[in-house]
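The structure appears below as structure tokens.
Not measured: the values here are computed from a predicted model. Labels below follow one simple rule: chain letters A, B, ... track the order of the sequence lines, proteins then strands, and each chain is numbered from 1.
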Amino acid sequence: MAETILEIKNLVRSFGAKRALDNINLSLEKGTVLGLVGQNGAGKTTLIKHILGLLRAESGSVRVFGMDPVADPPGVLSKIGYLSEEGDLPLWMKVDELIRYSAAFYPGWDSKYAEELQKQFGLSSGAKLGSLSKGQRARAGLLIALAFRPELLLLDEPSSGLDPVVRKDILSAVIRTIADEGRTVLFSSHLLTEVEQVSDRVVMIQDGKIVIDDELATIKQEYCQVSLRFKSPQTVPPSISGGLHWQGDGRNWTALWSGDTDQLLASLSALDGELVSKRGVSLDEIFVAYAGGEKS
Amino acid sequence: MTSGFTILGLMVHRFRRAYLIFAAMLVVFVGLGQLPQSWIPEWAAGLLCLPFALGLLLTVFGFVNVEADISSNASAYSPWLLRLPVKTRELAIWPILAASIWGFVAWIIFAKGYLIPRGVQAPIVWPGFSLAALALSFQAIMWRPVRYGNVRLVVALVVGTAVSLFGLVSSLYKVSESLITLISALAIVVGAAAAWWSVAIARTTPVGGAIEPISIARKHVQYRPFRSPFMAQVWLEWRRQGRLLPILTTFGLLALSLPLAFNRSLDPVYVNSFFKVNLWVESAYYYIPWVPLVFATIIGMGAHKSDMRAENGSFNLFYATKPLNSNSMVRAKLMSIAIGVAITALITVGVLLGWLLIPCIAPSGKTVSYLSLLTQRFGRDEWIGITFYAALIICWCWRNEMVGAFTDYLPSRHYVSGYAFLIPFNGSIVLAVLSIPGFWSGDIGVIRMEIASGSLFLIKLVASVFSAREYVRLRPTGLADIRRILVWWLGIVLLVQGLNTWIIAQFSGNVTEIPLYMKQPICLFLTCLIVPITRPIYALSAIEKGRHRV
């Protein structure tokens with residue numbers, strides 16, 4: 001059995017009256033690439049901040065490498081490579097100063113790899129971070145997140161607002177990290193095509209709750225888009241279990257659907273309807289369905 | 001006109017209550033000015049000027065942007081105000097008028113309503129003009145996006161000091177009031193034009209009003225790696241704060257030494273007999289050791305890089321995610337400050353020696369150094385005094401920088417702004433109490449000293465225990481750190497208190513024979529310096545609250 005890197009149990013977090021995380025249970029095994037998706041404000045960053053120990057759990061527990069990240073920040077943080085969308089690097093530092101400063105904290109810092117990444121990203125040693133473009137700063141952040149070959153790579157919306165070339169760099173870095181045996185990645189992003197390319201497991205958060213947590217292949221197998229036709233016009237979305245994000249009017253309706261096909265056909269015949277077509281869906285479509293639709 | 005009020009309203013919105021409180025305070029001052037003089041003792045009347053001064057500074061600088069980072073290269077003019085669909089003229093003129101009129105009128109009310117009725121011969125017009133010129137010059141400096149934030153810091157310090165001291169120094173040198181007023185009025189015109197220009201530049205500079213520094217091609221230097229994470233953190237703190245003191249002190253001492261380049265003439269002074277000395281050396285060398293202290297205090301109050309905290313008050317993610325514990329973070333900061341103070345002490349001693357080696361002419365016509373002239377004046381007590389004085393200033397510099405350093409970790413910008421005003425206010429009260437005439441004389445003065453220093457010690461002990469309890473609640477494993485700090489602190493406090501008591505006891509019955517550097521106010525002053533060094537406990541609690549938010 002693979003080693004568990006992350007174990008979150010019954011995690012609850014509120015900000016005033018708003019419940020940002022509602023009884024979250026999540027575990028992550030070594031070598032997994034987990035895509036964390038959800039709308040803005042769904043709770044992704046709050047969850048990541050708990051993993052980094054930047055927020056104390058209101059109730060429940062968070063264990064990373066078996067340790068409490070609040071109780072032992074050096075123990076946990078020395079194994080995590082972290083890159084966020086916030087662009088929080090100290091702008092007064094030069095690239096070589098950033099590398100020198102960061103290298104001191106990680107015993108596994110690989111200077112050769114750092115040099116290689118610096119070259120690949122075109123980061124000039126004497127350049128001040130404040131004078132770099134947003135994309136170049138993201139690359140500098142990626143360099144220090146990767147150069148010590150972290151056991152857990154934590155990326156919080158790393159591609160947000162960046163051009164396709166930088167996004168490609170980030171993605172290749174994730175793929176390269178995966179190629180390193182035993183590395184684990186938690187990748188939070190809005191860009192679901194990217195998540196789809198690299199993740200082998202996807203967790204979707206909606207209003208602080210986990211609504212989907214499964215292998216990507218299973219999710220894609222489980223969900224499909226169905227087009228239905230009814231003999232008589234329907235004024236409200238049809239009441240068929242497993243349907244999500246109903247769209248249509250009158251006799252023709254479409255929905256994202258998960259469940260047993262025989263059960264769908266039985267429900268349809270009861271409503272005097274027929275299955276016109278059924279096709280596979282992308283993660284993007286599942287996301288939109290959850291974000292914008294009501295589960296019937 | 002309406003847009004003017006809207007701009008001003010938006011600019012000072014966060015401090016709107018401060019303006020109301022300050023206006024109410026002015027009314028109270030006018031009322032106090034009407035009371036018979038004997039009702040308020042002189043020292044208390046003087047003490048009451050402090051809330052006025054602090055309120056005046058806060059409200060006038062509200063029209064600049066009190067919360068801006070002086071060492072940043074971005075414009076301090078709010079970016080979203082810059083984007084308002086109004087003319088640059090309107091964005092500039094209203095805050096310029098508001099800052100100058102508010103400062104001028106507040107001074108007139110205070111001087112006419114409170115100071116003059118109490119018999120103080122206060123000038124009316126030029127201080128108001130000086131204040132307006134100070135506000136406008138800060139608007140010009142702070143609103144202008146710059147290439148190098150540190151240069152702005154130095155310019156602000158130099159211009160601020162020059163504008164603040166110009167009227168005061170000129171009046172001491174008996175320059176006519178009308179001339180001081182005229183020059184201050186000119187400074188207002190120049191300041192207003194410069195502030196207007198700064199807004200125009202800020203508006204046309206992209207990305208939050210910051211100008212990118214020019215990158216200078218340089219030879220690639222291969223740095224040696226740091227020995228440990230702690231040393232890397234010491235380096236970081238050195239870059240953020242530690243090195244500022246030696247840099248600023250060097251600038252300050254160079255400025256103070258500038259007159260030596262222009263005035264090399266020797267004039268007679270009497271030291272047992274007539275010597276010919278450089279008058280600038282004779283009159284200004286006392287001030288040299290105080291230069292680092294002034295800068296240490298300014299840095300300690302927040303004039304250093306403030307990127308440790310994000311906008312929402314939590315730790316900046318880059319720093320928060322470094323695998324380092326709170327204790328090492330605080331120790332690194334204290335060490336970097338100590339290194340900065342040690343280097344500054346060497347620079348200051350070097351400059352002072354340079355001054356004192358300037359030749360002067362003895363009555364015999366022989367050329368001797370000023371140092372040898374001084375040594376003739378000094379006896380044993382003076383040398384002990386000088387040693388004490390040097391040690392005191394070094395400790396004081398470290399202490400003043402250190403006690404303000406914990407604000408970097410406070411999980412709120414409001415606390416930090418409040419701290420910058422609270423500390424000088426608090427310090428001024430202590431200094432005012434120390435200077436009450438006759439308060440320390442005789443044996444009763446000894447008892448008063450013991451009570452005063454004991455109270456300070458107790459207040460700080462209670463605050464520290466409260467803060468330590470909070471820290472241990474958030475980090476139970478941190479008990480050992482707290483114990484260590486408390487034991488050190490208690491040890492030092494008890495040592496100083498014991499020393500004070502012993503010194504006083506040695507001279508009991510013959511208080512007049514106590515040398516100056518051992519008198520009760522000095523002993524209490526030492527206690528005031530020692531007592532606040534429990535701040536590492538506050539820093540630890542602040543890190544816990546900001547880095548691992550509840």
Side-chain angles (χ1 to χ4, degrees), chain A residues 13 15 45 48-50 52-58 68-94 96-107 109 111 124-132 134 141 144-145 148 154 156, chain B residues 71-74 147-150 207 210-236 239-240 305 307-308 310-311 314-326 328-329 474-477 543-550:
Chain A
R13 174 84 200 186
F15 294 114
T45 300
I48 288 175
K49 284 189 173 172
H50 277 91
L52 290 165
L54 305 179
L55 290 171
R56 287 169 197 269
E58 191 177 304
D68 177 352
V70 173
D72 185 8
V76 171
L77 294 172
S78 60
K79 296 176 176 181
I80 299 180
Y82 171 64
L83 178 66
S84 81
E85 64 171 326
E86 289 183 31
D88 41 34
L89 298 177
L91 301 183
W92 54 269
M93 265 192 205
K94 291 182 178 129
D96 50 5
E97 290 172 340
L98 175 78
I99 293 174
R100 183 180 177 226
Y101 172 71
S102 304
F105 292 92
Y106 305 102
W109 186 270
S111 298
S124 156
S125 292
K128 229 179 197 176
L129 294 171
S131 68
L132 297 180
K134 194 179 173 190
I144 57 166
F148 63 101
L154 210 51
D156 185 11
Chain B
S71 64
S72 134
N73 63 341
R147 280 193 202 282
Y148 305 101
N150 288 334
V207 209
I211 298 178
E212 284 187 5
I214 300 166
S215 343
I216 300 164
R218 62 182 181 122
K219 203 178 158 195
H220 180 63
V221 183
Q222 195 71 44
Y223 293 111
R224 266 191 317 157
F226 292 109
R227 283 202 310 271
S228 63
F230 175 73
M231 289 317 292
Q233 195 65 14
V234 172
W235 169 83
L236 180 94
R239 292 295 304 272
R240 292 182 72 255
K305 283 187 200 303
D307 60 346
M308 197 64 108
E311 270 302 316
S314 62
F315 244 66
N316 172 308
L317 288 176
F318 176 75
Y319 297 121
T321 52
K322 286 286 156 287
L324 196 70
N325 60 31
S326 320
S328 301
M329 280 186 177
L474 295 169
R475 181 164 297 283
T477 53
I543 292 177
E544 282 310 306
K545 280 185 172 290
R547 193 184 186 193
H548 313 284
R549 304 199 94 186
V550 177

Q: For each of A103(A), P90(A), S124(A), tally heavy-atom pairs with chain B at distances under 4.5 Å, and name the one with the top tally.
A: P90(A)
Q. Measuring from I144(A):CD1 to T321(B):OG1, what's the distance to the nearest 0.5 Å?
A. 7.5 Å
Q | Mutual orientation of the aromatic rings belonging to W92(A) and W235(B) [parallel < 30°, tilted 30-60°, perpendicular > 60°] | A | tilted
**Q.** Contact winner vs chain B - A71(A), S84(A), G141(A), P107(A), heavy-atom pairs under 4.5 Å
**A.** A71(A)
Q. Is it the side chain or the backbone of F230(B) that comes within 4.5 Å of chain A heavy atoms, both, or neither?
A. neither
**Q.** Toward chain B, the part of L154(A) with a non-hydrogen atom under 4.5 Å
**A.** neither
Identify all side-chain donor-acceptor contacts of residues 73-83 of chain A below 3.5 Å with residues at least two apart in sequence or on another chain.
| from | atom 1 | to | atom 2 | distance (Å) |
| --- | --- | --- | --- | --- |
| S78(A) | OG | P74(A) | O | 2.9 |
| S78(A) | OG | G75(A) | O | 3.3 |

Q | Which atoms of L52(A) approach chain B - backbone, side chain, both or neither, heavy atom under 4.5 Å | A | side chain
Q. Any donor-acceptor pair under 3.5 Å linking the side chain of R227(B) with the backbone of A104(A)?
A. no
Q: Sequence neighbours left out, what passes ring-ring contact (aromatic ring centres under 6.0 Å, His included) with F105(A)? Give chain and number order.
A: Y101(A)
(Q) Given heavy-atom pairs under 4.5 angstrom as the criterion, report whether the side chain, backbone, both or neither of N325(B) touches chain A. (A) both
